[in-house]
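Please read the structure below before turning to the comments.
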Amino acid sequence: MLPPHHFDYIIVGAGSAGCVLADRLTASGQHRVLLLEAGGHDRNIWIHIPLGYGKLFHNPKVNWLYTTEPEPDLGNRKIIQPCGKVLGGSSSINGLLYVRGQPEDYDHWRQLGNAGWGFSDVLPYFRRAEDQERGPDALHGVGGPLAVSNVSEPHPLCEAFIQATQQAGFPRNDDFNGPTQEGAGYFQLTARKGRRCSTAVGYLRSAWRRPNLAVVTNALATRILFSARRAVGVEYRRDTTLQTAYASGEVIVAGGAFNSPRLLQLSGIGPPDLLRSFGIPVIADMPGVGAELRDHYQVRMQYRCTEPITMNDVLNRWRHRIRAGLRYVISRKGMLTIGAGYAGAFLRTRPLASPDVQVHFLIFSADTAGAALHPFSGFMTSICQLRPESRGFVRIKSSDPNAPPAIQPRYLSSRSDCETTVAGMKLLRTIMSQPAMRRYIAQELEPGEECRSDTDMLSFARLTGTTVYHPTSTCRMGSDSGAVVDERLRVRGIDALRIIDGSIMPTLVSGNTNAAIVMIAEKGADLILQDAGAPLALI
Ligand SMILES: Cc1cc2nc3c(=O)[nH]c(=O)nc-3n(C[C@H](O)[C@H](O)[C@H](O)COP(=O)(O)OP(=O)(O)OC[C@H]3O[C@@H](n4cnc5c(N)ncnc54)[C@H](O)[C@@H]3O)c2cc1C
């Protein structure tokens, strides 16, 4: 049965941010909220088993399966851009790593003129969201909807990597979200007892039963409706029928860094020439909508392992695979609990105030993300520059709401990104050559020994690198003419319209993006409630 058509708030997108918003805005029982999600329910079992994320890369039932336009600085390669299309959004298909970024990231947002977004301002929202397995402290919270847990057990290869990083002169770090980010250690995961804690699981499940929340899945928002310069509703398609819902309070766009600018452009908010070229009437001339796309670009280095202790050895043999499955079912431990990184590191490639590269260390090897594992013992590491300068764009290619947008991140278009990437690869080689790691390396498969000079390494990076899946900043927060939302996440110059998701980041945070987006939504919900006159716990 379809819900009635009038609400206080309409949220477009039940992703990392949208599920948080749906929960927080309905908690008091005072507001009627409609949550629209283009994808379906999160019933696929591989969503909930951490290792299953590899099976979701190419699954159109849960993934928008976008690809970039040919990237000029990557030999015109098109890069895949997986993106969740299911309850929980990308938090249902991501690699589960819980990393907030550096306090300096948020202090920088505040320095850019965004009052209320410094680290001391946002820390209470990180803590409010969190249910930290290790217990509470000044930086961590317990009892929140987002479960954060340790890896289920150490692994000899990860121990060797951490030790080798120490031998190369960096500290061990057991909490990348602790007082300092620098060093090597194990990641923590957004999981509880070996199962993924997406925002659909953490936030939406408990909110679902509230009578003031209507959730409509398989509902693609096709247009925001306006009365003059006020957002008043959303048109959406469910199956083949076009529906309309109205919001007396606000419309909140939470479609993610690709789809939020796309929906705004389809609705007449964006670069006027682009909109006119597709016959879309211009509601607001905003060149920043879809501009300034930023993403982390990673380069993988792969190794043949001397010992049969990698995930390749387990998953390529039926007997081991069954044993791993049984172990998971019985004790929620082992290979099936692993996310997109097991151990990792945040390092400085030169004297800087804070790390400029992130390393993901994985105990398997494969030609590409989501591909079959190599038939031999192997593992890999990847390096990405944390604060890339390269910027691209997202632009509609048609007025058809079903057509994918043009996505062009312009990876490695900035000289400093190229330099930091090569410096990171060299640093990784230094770590891998330390005694603790050397005993496990039979061969560096990629880039391989013939790749020596900086030019060789940059060329390898251009020809093989790929996204770490952290697109942001396409509806950037700020007060300059390129900014799309103000510091209260309201679309500038338009009434009753906010954007609350990864697209509003003024700059990309120095780490994986899910935790920061959950924080943004926690704070965004408070801003909405405050503007509606509610007393607030944290502001
Ligand atoms: C493969 C992968 C691995 C990742 N690994 C990690 C990791 O390990 N750790 C980490 O911190 N981050 C990771 N990330 C990044 C992180 O998950 C995302 O940055 C974050 O989930 C984005 O949140 P969001 O709310 O901005 O958008 P999303 O979570 O993508 O949510 C947007 C939602 O809106 C819906 N939607 C969009 N348009 C419409 C429309 N027109 N109508 C209706 N619904 C719509 C979408 O279907 C989606 O459900 C990963 C991402 C991916 C894709």
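Indexing begins at 1, ligand by ligand and atom by atom, following the structure's order.
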**OP:** Write down, by chain and number, every protein residue that brings a non-hydrogen atom to less than 4.0 Å from an atom of ligand 1.
**Re:** Val12, Gly13, Gly15, Ser16, Ala17, Leu36, Glu37, Ala38, Phe57, Trp64, Pro82, Gly84, Lys85, Val86, Gly89, Ser90, Ser91, Ile93, Asn94, Gly95, Leu96, Leu97, Ala219, Leu220, Ala221, Ala254, Gly255, Gly256, Asn259, Tyr469, His470, Asp501, Gly502, Asn512, Thr513, Asn514, Ile517

Original post:
How would you list all residue pairs meeting salt bridge (Lys or Arg N to Asp or Glu O under 4.0 Å) that involve residues 82-102, not counting sequence neighbours?
Top reply: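 For residues 82-102, and leaving out neighbouring residues, the salt bridge (Lys or Arg N to Asp or Glu O under 4.0 Å) pairs sorted by first residue read Arg100-Glu130.
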
Original post:
Mind checking whether Phe187 and Phe346 have parallel, tilted or perpendicular rings, split at 30° and 60°?
Top reply: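 It falls in the perpendicular class, over 60°.
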
Subject >> Distance in Å, Asp23 CG paired with Thr199 OG1, rounded so as to fall on 0.5 Å steps >> reply: 10.0 Å

Original post:
Only one of Phe126, Trp117, Tyr125 forms a ring-ring contact (aromatic ring centres under 6.0 Å, His included) with Tyr106, so which one is it?
Top reply: Phe126

Original post:
Looking at Arg196 and Asp42, does any basic side-chain N land under 4.0 Å from a carboxylate oxygen?
Top reply: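 Not counted as a salt bridge, because no side-chain N and carboxylate O are separated by less than 4.0 Å.
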
Original post:
With no hydrogens and no angle check, do the side chains of Ser503 and Asp501 hold a donor and an acceptor under 3.5 Å apart?
Top reply: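 The answer is yes; a qualifying pair exists.
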
